[in-house]
Amino acid sequence: MPEPKVGQDITLRIAFMVNNKPDLRIISVNTPLKSIIQDLIESHKLAGAPEDYALIYKESDRIKEFKIVTEKDRADMDANIIELGESPSASTARILTEIKKVAPDTKDLARALDDLRKMCVDPTFAAEFRSRKGLTLLMHGVSSGKFRLTELGQVLHAINSLLEQEGVGEMDGTEVEQEFVTQLAELTSKENSSLALATRCALSVLATFVREGQGREMIDREVALPNLIGLLGNSDQGIQLASLGLINSLLAAASVERKGDMVRSLQERPARSLILDHLLGPDKEGLVGHQLYLLQHHMLSLLLVRLNTAIQPQDGVALQKIKDLRSTAFDTGSPSVKNNTRYAQDHKKLGFNNVKDPSMDFVATPPGILALDCMDYFAKQHQEKFMKVVLENSCRQDNHECPFAASSCELVKLLANILGVGQPPLPMGSTSRYHEMFFKVEHPFEEFYSVCVVLLNKTWREMRATREDFTKVFDVVKEQIESSLVPDRSQERPKTFEQFRSNVKSYGEISRRWQSDAKSREAWSKSAPVAELKMHLAPEIEDLIRQQRGNFMVEGTRFHRYKKTGEQTKSQYRYVKLHPNHKTVYVGDWNSEKSLPTIEDLEPRLQIADIRDIIVGAECPFIKEWGKKKDHQHQFGRLAFSLVGENTSLDLVAPDEQTHNYWVDGINTLLRKPMTSPDYNKEKDILTNMEIKLRLLDLEGVDLPETAPAVPPPPPDFNFASC
């Protein structure tokens, strides 16, 4: 149990509103809510028991939506206006009674649905409403056509809010009915401004079902992709966003074949025109920008199959592409005798490693056959540039030519890595891989390759490179591509491939910057005296980092709650703290963003002495369970860790990489294991270098010797001064 809190009792100053009458009070933070409600009932002579009432935050600039006060966040009542209102059970009973009526009064039903729409965003009310099968009743009402068009938007808004509180399968055993999906699918095919709310919520509900794996095939069958693409051009931005979200959910869940069909539809000119006209622009950021990034991610993920597929000897299409490359470059139309020797010479000029059988260059994966696809696209869509690149290299000396085929294979691997092909999508807020220009062409990756292969040859020429400089050239090209895609503040991110091309820095600029960086490094960093000083400082620095990790865990972290499917639970968190005595880990639900829990608000979960091991990443058992959905395994693998005890474990997914590293380092320290995280190594280097700079401040500008000066021999006698 937590140790008793030392100090004065904390009081809260609260303005209660009871029947629109103010009641200002100062109460202890430890006073139970039931006691507060009982006192208010007696003071204002209200009927009913405390169970019939709840304390509710009054909406204001700080409180934007309906929120019931709970025991966990009662400290947040301080300096707020709190209304005494219906309890969740009383509200639920009243609303369900009205919905169940065969012929409800129009005004009473509208009032009940409006209350439901407002209240269902609160987790406490949502849990009560679900427990009484309220969600099932609403879905059945939509399926049977019980609600009028004016009421449908409110009902679907409530259903969507309830689904966002918890996973479908975890709520009340609700099965997705065919009729319900059909009704929602019909809304996606209607262009009616009066149904904007209903359409937006229908799209969000369908997306939630797809993510949860409920009725996924049924939804894919019932909802027409052309209708969803058409909604991208709707005047309501909420509908645009919801439609894009459903498309991304369907793409994430689709098979490779189905995803290919969907992406081809999205890359056709009508779909791209809608995206260009209605979704791209400087004001389309935040949620829309993230959804566009996810769409780009799913479109590029199709390349993964070709990236990891080796060429097959019987693949006639691929073999024909190799023949077309040679004929496009060297067949000028004049008749000439071609034999195996001449073909081998042509293949060598094209830069193949295996001149007798060039198909063998595409056996290695990655880049597999994707490299050949890109080379073929470049040769056919940019024939003049292709011929210039090949012929320019064929005229160079043997050791200075840039091998087109070999460099293309390496370039495709580089581009796939830069764009995150085959990697998990970045979380919300990370925009480094979102590129607007990819939505402006039908074949974005191939077009990107076509621009970069010309850049590669230009850089090769500027560097006067030989085959031995292959790796150095690609280091420069990688820097050129990355700095052009995500430039510094003096330049805008490219919106077209032409802007990308103009953003590219020359080899001279890259070289000058690298030389400047090299000169700025401390010349003494590798000297023997400094190395010895670093070794002397290491224990002190490690102890400092160890203390920081302990303080970080004592302060605690708010971790997201996750469903059994691996999806984040909206607005549901648990707080994890280490007791100040470093002997026990405490855990408890904590959804408040304005206050931090004390150790008394949490429950002891795991004794440090009972922890047998800490498992990190994809090896965590719960990540392997989620790994049945591959995207989750990749997405959470680097942020997950499990504290394994004797008969229990504490499974957590950190909100970011630094938090993950701090907790893993801290637990390892308590288990008397070494810290090994990247943050530890980085901070150790920073702190060591800072300490060395401070200690050697007086020696600035002085060249330190590589070895310690020799100790002079002792003097002949020790009579240094005569009296």
Side-chain angles (χ1 to χ4, degrees), residues 300 351 366-367 371 374-375 378 382 385-386 388-390 392-393 395-397 399-421 423 426 430-438 444-523 525-526 678 682 685-686 689:
L300 293 177
C374 292
M375 293 162 63
F378 181 52
H382 303 276
K385 292 180 180 178
F386 167 73
K388 180 180 178 181
V389 166
V390 174
E392 187 178 89
N393 283 295
C395 296
R396 292 178 185 163
Q397 298 176 6
N399 60 335
H400 281 279
E401 83 281 1
C402 176
F404 173 70
S407 61
S408 291
C409 291
E410 192 65 28
L411 180 62
V412 168
K413 285 196 293 184
L414 174 63
L415 298 183
N417 183 59
I418 290 174
L419 298 177
V421 177
Q423 300 175 25
L426 296 176
S430 301
T431 59
S432 59
R433 288 183 187 163
Y434 166 55
H435 307 294
E436 184 178 319
M437 62 185 183
F438 278 27
F445 186 83
E446 291 83 350
E447 197 66 34
F448 190 39
Y449 159 83
S450 299
V451 173
C452 292
V453 76
V454 175
L455 167 66
L456 169 64
N457 278 269
K458 179 175 178 288
T459 302
W460 187 285
R461 183 175 63 251
E462 291 176 348
M463 293 179 66
R464 297 184 177 89
T466 63
R467 289 259 185 166
E468 288 73 22
D469 301 319
F470 200 83
T471 303
K472 294 179 183 177
V473 173
F474 270 89
D475 288 340
V476 175
V477 170
K478 180 182 179 182
E479 180 70 20
Q480 288 176 310
I481 294 172
E482 290 180 337
S483 62
S484 179
L485 285 175
V486 188
D488 54 30
R489 294 180 181 179
S490 62
Q491 289 180 300
E492 274 191 327
R493 294 186 67 165
K495 297 180 179 179
T496 64
F497 283 102
E498 189 58 41
Q499 288 182 7
F500 167 78
R501 191 182 291 109
S502 63
N503 276 357
V504 172
K505 293 180 172 64
S506 67
Y507 164 65
E509 292 177 276
I510 299 292
S511 178
R512 284 191 295 273
R513 195 177 80 183
W514 284 359
Q515 289 174 5
S516 175
D517 291 344
K519 288 179 181 178
S520 67
R521 298 190 189 101
E522 296 82 351
S525 61
K526 296 182 180 179
K682 178 182 175 183
D685 289 341
I686 291 174
N689 290 333

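The minimum heavy-atom distance between R467 and W460, with the atom names listed, is N-CZ2, 4.1 Å. Closest approach of V389 to N393, counting heavy atoms only: O-ND2, 2.7 Å. For the residue pair Y449 and S408, the shortest heavy atom distance occurs at OH-OG, 2.7 Å. Scanning both residues, Q499 and K495, for their nearest heavy atoms gives OE1-N, 2.8 Å. Of all heavy-atom pairs between L300 and F445, the closest is CD2-CB, 4.2 Å. Closest approach of L456 to S407, counting heavy atoms only: CD2-CB, 3.5 Å.
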Please walk me through it: do I686 and K682 pass side chain to side chain contact (heavy atoms under 4.5 Å, CB included)? CA-CA 6 Å; I686 291 174; K682 178 182 175 183; 4.0 Å; yes

Before you tell me yes or no, could you show the steps for L419 and H435 under side chain to side chain contact (heavy atoms under 4.5 Å, CB included), namely the whole-Å CA-CA distance, both residues' side-chain angles and the distance that decides it to 0.1 Å? CA-CA 9 Å; L419 298 177; H435 307 294; 3.9 Å; yes

Might you work through the side chain to side chain contact (heavy atoms under 4.5 Å, CB included) test for Q423 and N417, ending with a clear yes or no? CA-CA 8 Å; Q423 300 175 25; N417 183 59; 3.3 Å; yes

Test side chain to side chain contact (heavy atoms under 4.5 Å, CB included) on E509 and V504 and set out the steps. CA-CA 10 Å; E509 292 177 276; V504 172; over 6 Å; no

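Judged as a side chain to side chain contact (heavy atoms under 4.5 Å, CB included), and not counting sequence neighbours, the contacts of S450 are Y377, F378, H382.
Taking CZ from F386 and CZ from F404, the interatomic distance works out to 5.0 Å, rounded to the nearest 0.5 Å. Rounding to the nearest 0.5 Å gives a distance of 11.0 Å between CE of M463 and CD1 of I510. The distance from the SG atom of C374 to the CZ atom of F448 is 11.0 Å, given to the nearest 0.5 Å. Annotation: the span from I418 atom CD1 to K413 atom NZ amounts to 13.5 Å, rounded to 0.5 Å. Atom CE of residue M437 and atom CG of residue L485 lie 5.0 Å apart, to the nearest 0.5 angstrom. Rounding to the nearest 0.5 Å gives a distance of 6.0 Å between OG of S506 and CZ of R512.
A donor-acceptor contact under 3.5 angstrom links the side chains of Q480 and T459, judged on distance only.
F470 has its ring centre less than 6.0 Å from the ring centre of F474.
The closest donor-acceptor contact from the side chain of N457 to the backbone of V390 lies at 3.5 Å or more, if one exists at all. Using modelled atom types, one side-chain atom of R493 and one backbone atom of Y434 make a donor-acceptor pair closer than 3.5 Å. Using modelled atom types, one side-chain atom of D469 and one backbone atom of T466 make a donor-acceptor pair closer than 3.5 Å. Put simply, the side chain of S484 never gets that close to the backbone of I481: no donor and acceptor are under 3.5 Å apart.
By the 4.0 Å N-to-carboxylate-O rule, E498 lies close enough to R501 to be salt-bridged with it.
Residues V473 and E462 fail the side-chain proximity criterion, which asks for heavy atoms closer than 4.5 Å.
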